[in-house]
Amino acid sequence: MTESMIPVSYGRSTSLNLTSKKLKVVPAGISGIANLSVLLLNNNSIDRLPAELRALRCLAELNLGNNALKEVPAVLGHLESLKKLYLFSNQIKAVPPDVIDSLPNLVVLNLNHNQIQRLPPEIKSLSLLRHLSVLGNKLEEVPVELGHLTNLTELNLTYNNLRWLPQQLYQCKELTKLHVARNKLSSLPEGIGALSKLQILDVAGNKLSMFPAEFHLLPLKELYYEGNMFVRCEPMSSEQDVEVLTLKAARFVLQEDRKRFSLVHRMLPHYPTLTALLANFSCCVLCLKPFLFTWLECVHFISLKKDMKMKSLQTIPVRVLFCSFKCFNMAGDSYYAVASR
């Protein structure tokens, strides 16, 4: 299709559908359609975008899915009105920080089925983003700045190479759907209870041994977890190690820090490294006292139907946090220490 093939009537259009037209280049006449808000160019063979497209100041939706792009076109950084951007099924290897940083109104970003290895920290600029999908790429990590996307409702990271997720992800408290299936996750960060609106969670095909503490408090409607390495309830004999001084010292500092007028509470701000370390404390499920180091892996088994009001009759292992053997021994028979082999 060439410029001459675009009817004059398109000059007054707000939407242009050029899906599956065997295009190798973008028709030059498109940049002259000043009021264009929706441009569909998916299912073609386009490998670049002309700089003239920056004239489309009203463009709100752009679909470039299933083309031959090897990079995110720089011209996209000039389309500040974009709300929906689809770049799935191309050959993109990187997401340029300057382009992402220039799309403040983006609500939907689809990067599925590319070869992306990392997302830039500048993704935090997409403060209005609600749907982010990077399915089927080569991500080995996601930036902690993802936690700035507080309007995010759906996140899909399925089929990547992720070994861990940042705890900052739980700052995205509007999340209702989280898909991280088919990765290499051995654990989920503690604090998942902050996702109080989460309804769908897919962690199938990872290396999880248990779910994080308070997992059973989530309002889930759908949970997919097959193909993991969950611990099983098999009684074994155990030996109790002696508590070491460093554990008790950390607990003492954490407890004193809770006292507003204590010397420890007043002095901690002068030691930023120590303050950052203590920020990762946990609370004992029994006595509710804070502690820093997990010295014993503990678990209890949750009924999805009884405890989470789901349809499944399965049980899942959920991590339990105890501060000492004393609390563990007082907790009752429904809690188990996890043996390492």
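Residue numbers start at 1 and run along the sequence shown.
For the residue pair S125/D101, the side-chain donor-acceptor check at 3.5 Å is satisfied. In this model, a donor atom of one side chain and an acceptor atom of the other lie less than 3.5 Å apart for N42 and T19.
By the 4.5 Å heavy-atom criterion applied to side chains, L146 and L155 are counted as neighbours. The shortest distance between side-chain heavy atoms of M310 and L220 falls below 4.5 Å. Residues V180 and L165 meet the side-chain proximity criterion, which asks for heavy atoms closer than 4.5 Å. Using a 4.5 Å heavy-atom threshold, the side chains of I123 and P97 count as separate.
Both L69 and L85 are members of a single hydrophobic cluster when ILVMFWY side chains are connected at heavy-atom separations under 4.5 Å. Under the 4.5 Å side-chain heavy-atom criterion for ILVMFWY residues, a single connected hydrophobic cluster contains both L132 and L195. A chain of hydrophobic side-chain contacts below 4.5 Å, direct or via other Ile, Leu, Val, Met, Phe, Trp or Tyr residues, connects I100 to V72. Two different hydrophobic clusters hold M210 and W164 under the rule that ILVMFWY side chains link at heavy-atom gaps under 4.5 Å. In terms of hydrophobic clustering, with Ile, Leu, Val, Met, Phe, Trp and Tyr side chains grouped at heavy-atom distances under 4.5 Å, L109 and V38 are assigned to different clusters.
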Would S133 and N110 count as a side chain to side chain donor-acceptor pair (under 3.5 Å) here? Give the steps. CA-CA 5 Å; S133 192; N110 187 319; 4.8 Å; no
Test side-chain contact (heavy atoms from CB on, under 4.5 Å) on L119 and L139; report intermediate values, then the result. CA-CA 8 Å; L119 295 174; L139 291 178; 4.2 Å; yes
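Contacts of D202 classified as side-chain hydrogen bond (donor to acceptor under 3.5 Å, both in side chains), with partners at least two apart in sequence or in another chain: none. Every residue two or more places apart in sequence or in another chain that forms a side-chain contact (heavy atoms from CB on, under 4.5 Å) with E52 is listed here: S31, P50.
Other residues, nucleotides and ligands contribute more than 12 heavy atoms inside 6.0 Å of the CZ atom of F215. Taking a 6.0 Å sphere around CD of E61, one finds it holds more than 12 heavy atoms contributed by other residues, nucleotides or ligands.
When hydrophobic side chains of Ile, Leu, Val, Met, Phe, Trp and Tyr are connected at separations under 4.5 Å, Y224 ends up clustered with I200.
Salt-bridge formation is detected for the pair E190/R319: a Lys NZ or Arg NE/NH1/NH2 atom is positioned less than 4.0 Å from an Asp or Glu carboxylate oxygen.
The two residues P317 and F230 have their closest heavy-atom pair at CG-CD2, 3.7 Å.
Each of L16, N66, L23 was compared with L41 under the side-chain contact (heavy atoms from CB on, under 4.5 Å) criterion, and only L23 meets it.
Centroid-to-centroid, the aromatic rings of H300 and Y335 come within less than 6.0 Å.
Relative orientation of the Y86 and F88 rings is perpendicular, given thresholds of 30° and 60° on the angle between their planes.
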